[in-house]
2 protein chains.
Amino acid sequence: MTGNSRFAVSVHILSYLVYKQGAAVPSSEIAASVDTNPVVIRRLLSALVKARLVNAQKGASGGFSLASAPANISLLDIYRAVEPKPSYGMRNFAPNQKCPVGAKIEAILQGLFFKAQSAMETELGGMTIADVVAQLRPICSGKR
Amino acid sequence: MTGNSRFAVSVHILSYLVYKQGAAVPSSEIAASVDTNPVVIRRLLSALVKARLVNAQKGASGGFSLASAPANISLLDIYRAVEPKPSYGMRNFAPNQKCPVGAKIEAILQGLFFKAQSAMETELGGMTIADVVAQLRPICSGKR
DNA sequence: GGGTTTGTAATATAATACGTTACAAACGGT
DNA sequence: ACCGTTTGTAACGTATTATATTACAAACCC
């Protein structure tokens with residue numbers, strides 16, 4: 001999708017928060033579930049907090065919790081919160097402007113990528129974290 | 001879209017071949033239009049030849065030409081020919097299998113990415129190189 | 001006040017992509 | 001049949017990006 005795994009990890013994070021049922025979950029615990037470093041988790045959560053998808057609480061017995069009901073958080077919300085640049089597929093594409101093809105192809109490709117990207121985003125917009133968590137059952141949704 | 005610019009350059013290449021109206025075009029000429037090294041172009045063309053979208057001709061006065069009519073080459077054909085790995089967005093995502101969330105989230109995400117990817121590919125499948133070239137007009141479609 | 005946690009900077013390491021050089025093999029024109 | 005041209009591909013260098021890790025200030029609860 002994008003080369004990195006920020007979106008995948010973010011969906012994992014939010015699913016874990018749902019799993020923990022509103023408790024304040026520290027980054028270290030989430031990191032253990034994702035199997036990575038807590039700082040990596042906090043960096044993603046920083047973006048998710050800015051997007052108002054998650055609440056953060058500092059200090060002892062602090063941690064992270066969802067800011068909305070799972071059914072109100074679409075995967076597109078997450079995608080847009082953590083995915084950086086919309087320079088889709090044209091990182092270092094700079095054709096020769098003196099060539100009649102090179103001069104016009106860039107704008108055409110941008111429109112083209114926008115359509116492809118929009119199709120994908122529409123798909124992501126139709127799914128929520130609640131849908132993802134529904135597929136996680138049956139895991140002890142009342143225990144722990 | 002994918003982080004690299006192989007697809008963008010490939011669409012440029014095929015558009016250029018249409019622009020040259022069936023003539024055998026050497027990689028050096030295409031490279032000048034894209035503004036990169038001829039080897040980069042040949043590497044992509046190697047994949048396009050394997051996918052039977054392009055014909056290659058060695059030797060003096062050789063070069064590349066389209067293997068089909070522009071209207072018969074979809075952008076999805078190109079995308080699949082040159083885009084490498086379908087490990088969409090999960091490059092190094094390997095959650096903790098001992099955690100009930102980590103153990104199941106991977107398969108869920110794969111299904112999710114597949115749906116998002118399919119939506120994008122459907123969009124690409126609905127467009128052809130002929131559509132792209134149509135947007136290039138008016139460039140001297142009969143001149144050199 | 002003390003221990004815990006977030007927030008973020010700085011740095012290291014690995015993966016990936018693109019650019020470049022080099023050269024063998026195939027081919028066409030003369 | 002030769003000679004210049006072009007493809008095809010390997011090998012290597014460099015830049016960019018992503019993730020991991022260490023470090024530490026700031027905020028917070030008990």
Side-chain angles (χ1 to χ4, degrees), chain A residues 1-10 12-13 17 20 23-32 34-51 54-65 67 82-96, chain B residues 1-10 12-13 17 20 23-32 34-51 54-65 67 82-96:
Chain A
M1 192 120 60
T2 51
N4 61 46
S5 57
R6 280 197 281 268
F7 177 65
V9 173
S10 298
H12 184 151
I13 290 172
L17 293 183
K20 296 290 285 188
V25 186
S27 60
S28 57
E29 181 177 340
I30 305 175
V34 176
D35 194 26
T36 184
N37 193 289
V39 175
V40 174
I41 299 298
R42 289 206 291 274
R43 273 199 289 249
L44 287 170
L45 276 162
S46 176
L48 294 168
V49 167
K50 277 173 190 136
V54 169
N55 292 320
Q57 181 65 30
K58 286 183 181 175
S61 78
F64 299 90
S65 56
V82 302
E83 210 57 53
K85 43 188 288 181
S87 68
Y88 305 118
M90 306 184 61
R91 244 186 344 199
N92 39 9
F93 181 67
N96 183 355
Chain B
M1 191 123 59
T2 52
N4 61 46
S5 57
R6 280 198 279 269
F7 177 64
V9 173
S10 298
H12 184 151
I13 290 172
L17 293 183
K20 296 291 286 189
V25 185
S27 60
S28 58
E29 182 177 341
I30 305 174
V34 176
D35 193 26
T36 185
N37 193 290
V39 175
V40 173
I41 300 298
R42 289 206 291 273
R43 274 199 288 247
L44 286 171
L45 276 161
S46 176
L48 294 169
V49 167
K50 277 174 189 135
V54 168
N55 292 320
Q57 181 66 32
K58 286 184 183 174
S61 79
F64 300 91
S65 56
V82 302
E83 211 57 52
K85 42 186 294 184
S87 68
Y88 305 118
M90 307 183 62
R91 243 189 342 202
N92 40 9
F93 181 67
N96 182 355

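Within every chain, numbering begins at 1; the chains are lettered A, B, ... in the order of the sequence lines, protein sequences first and strands thereafter.
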Subject >> Any A/Val54 side-chain heavy atom under 4.5 Å of A/Leu17 side chain >> reply: yes

When the distance from [atom1] of [X] to [atom2] of [N] is rounded to whole Å, what number comes out?
X: B/Asn37; N: D/dT14; atom1: CG; atom2: C1'; answer: 14 Å
X: B/Phe64; N: C/dC27; atom1: CZ; atom2: P; answer: 13 Å
X: B/Phe7; N: C/dA17; atom1: CZ; atom2: P; answer: 16 Å
X: A/Asp35; N: D/dT19; atom1: CG; atom2: P; answer: 14 Å
X: B/Arg42; N: C/dC18; atom1: CZ; atom2: P; answer: 17 Å
X: A/Ile41; N: D/dT21; atom1: CD1; atom2: C1'; answer: 14 Å
X: A/Phe93; N: C/dG19; atom1: CZ; atom2: C1'; answer: 16 Å
X: B/Glu29; N: D/dT7; atom1: CD; atom2: P; answer: 10 Å

Which of these nucleotides, [options], is closest to any side-chain atom of [X]?
X: B/Ser5; options: D/dG4, D/dT7, C/dC18; answer: C/dC18
X: A/Asn4; options: C/dC18, D/dT19, C/dA22; answer: D/dT19
X: B/Val40; options: D/dA27, D/dT19, C/dG19; answer: C/dG19
X: B/Lys58; options: D/dA23, C/dG19, D/dG8; answer: D/dG8

Compare side-chain N and O positions of [X] against OP1 and OP2 of [N] and report whether any pair is under 4.0 Å apart.
X: A/Thr36; N: D/dA20; answer: yes
X: B/Ser27; N: D/dT7; answer: yes
X: B/Ser61; N: D/dT5; answer: no
X: B/Gln57; N: D/dT7; answer: no

Separation of [Y] [atom2] from [X] [atom1] (nearest 0.5 Å):
X: A/Arg42; Y: A/Ile30; atom1: CZ; atom2: CD1; answer: 10.5 Å
X: B/Thr36; Y: B/His12; atom1: OG1; atom2: NE2; answer: 11.0 Å
X: B/Asn4; Y: A/Asn92; atom1: CG; atom2: CG; answer: 9.0 Å

**OP:** Report yes if a donor N or O on one partner sits less than 3.5 Å from an acceptor N or O on the other, where the partners are the side chain of A/Arg43 and the base of C/dA9; otherwise report no.
**Re:** no

Original post:
Do A/Arg6 and D/dT17 share a donor-acceptor pair, side chain to base, under 3.5 Å?
Top reply: no

**OP:** By nearest nucleotide on DNA chain D, pick out whichever of B/Ala56 and A/Ala60 is the more 5' one.
**Re:** B/Ala56

Subject >> side-chain contact (heavy atoms from CB on, under 4.5 Å), paired with B/Asn37, selected from B/Val34, B/Ile41, B/Val40 >> reply: B/Val40

Original post:
Mapping B/Val39 and A/Ser28 to their closest nucleotides on DNA chain C, which lands nearer the 5' end?
Top reply: A/Ser28

